[in-house]
Amino acid sequence: MNHRYHHRSQFVFKIILGCLGMLVVSSCASTRVLTREEWLSVGQRKYAGVSKDDLIKNAEKVLKLADGDDVLVGYSTNGFTAQRRWMVYMVIAAAVGTDYWTFEVQEKQGELFASLQASTASGSINGYVAGGQVGTVTSPTVGAPLQGTALYDMFWSRLDYLLGKRNDFLDCQTEKDKIKRGETWGSLEHICDSVTLRDYPPENLSDDDVLKFFKGRSNEK
């Protein structure tokens, strides 16, 4: 099992700066919350002309294309749960956490309905000096759903590309431009952190990467 701790970009630094010294990191979450109506719009898709197994395999591939070294996947009958651990260091503190992606496919009256739920669990490690003693204090790890529509939009767009349902591979800058125009909202740091996550289509992967990231998945495209 390979857990490589990641240096995250501005998103996690904002968490540390805003939450340093607090016991609950999630208390600094965005004030805007994804409503049920918004999730129903962005958290699920209906698919035709594709098999259930292809949907599940290519959804996994979306995440492994971004970080095949560190995405761990547990499978179920109807999908999977993927996790990615990360850590970011500062001078006297560090933020730690794990991102979770739950993908499921249900068949209803001959149609396939795919759903995605994204969440993260994060905490902090703070250093201290007291009475000549040096030590650390670890805050609880608290989980929370990821807020926003942008990361869902990027996930589905890349899945559609892998399924051959769109011609272009949606890159991070294009999605950021959509956020600026108000078409989507929320952070992309869990799928597009610009430092540790890849931002290019599968055609750009080396043969060694394909074998390493997708071994055991015999029918990958």
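Bear in mind the structure is a predicted one, so any value in this text is a computation, not a measurement.
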Pairwise side-chain contact, L159 with F103, heavy-atom cut-off 4.5 Å (strictly under): yes

Charged N-O contact under 4.0 Å between E38 and R32: yes

Any donor-acceptor pair under 3.5 Å from N58 side chain to D54 backbone: yes

Y47 vs L55 side-chain heavy atoms within contact, under 4.5 Å: yes

Euclidean distance, E111 CD relative to Q106 CD, rounded to 0.5 Å: 14.0 Å

Path from Y100 to V73 over hydrophobic side-chain contacts below 4.5 Å: no

Intermediate values then yes/no, side chain to side chain contact (heavy atoms under 4.5 Å, CB included), L162 and K57: CA-CA 10 Å; L162 294 177; K57 286 191 299 183; over 6 Å; no

Heavy-atom side-chain proximity of K176 to L188 below 4.5 angstrom: yes

Inter-residue atom distance I191.CD1 - L146.CG, 0.5 Å rounding: 10.5 Å

Sub-4.5 Å side-chain heavy-atom contact between P145 and Q117: no

same_hphob_cluster(Y161, V42) at 4.5 Å side-chain heavy-atom cutoff: yes

Atom CG of D168 with >12 non-hydrogen neighbours under 6.0 angstrom: yes

Residue that, paired with N78, satisfies side chain to side chain donor-acceptor pair (under 3.5 Å) out of E107, E104, K52: K52

Donor-acceptor contact present, side-chain Y152 to main-chain A118, <3.5 Å: yes

Min side-chain heavy-atom separation F113-V105 under 4.5 Å: no

Step-by-step side-chain hydrogen bond (donor to acceptor under 3.5 Å, both in side chains) determination, T120 to D99: CA-CA 4 Å; T120 190; D99 296 337; 2.7 Å; yes

Gap between atom SG of C172 and atom CD of E189 - 0.5 Å precision: 9.0 Å

Over all atoms of both residues, closest heavy-atom pair of A48 and K165: O-NZ, 3.0 Å

Point-to-point distance, once rounded to the nearest 0.5 Å, from NE2 of H190 to OG of S119: 9.5 Å

Exam field: side chain R45 to backbone S41, donor-acceptor pair closer than 3.5 Å: yes

Side-chain (R181) to main-chain (E183) donor-acceptor, under 3.5 angstrom: no

Nearest non-hydrogen partners of T184 and E175, listed with the distance: OG1-OE2, 2.9 Å

Donor-acceptor contact below 3.5 Å, side chain T174 vs main chain L170: no

Matching residue for W101 among L151, T81, V71 - test: side chain to side chain contact (heavy atoms under 4.5 Å, CB included): L151

Distance (rounded to the nearest 0.5 Å) between L116 CG and L63 CG: 8.0 Å

Beyond-backbone contact of S115 with W39, side-chain heavy atoms, under 4.5 angstrom: yes

Salt-bridge contact R158-D199 (side-chain N to carboxylate O under 4.0 Å): yes

Point-to-point distance, once rounded to the nearest 0.5 Å, from CG of D160 to CZ of F169: 12.0 Å

Residues R85 and D70 bridged, charged N to O under 4.0 Å: no

Trace of the side-chain hydrogen bond (donor to acceptor under 3.5 Å, both in side chains) decision for R84 with T98: CA-CA 5 Å; R84 175 178 182 264; T98 304; over 6 Å; no

Sub-4.5 Å side-chain heavy-atom contact between L34 and T149: yes

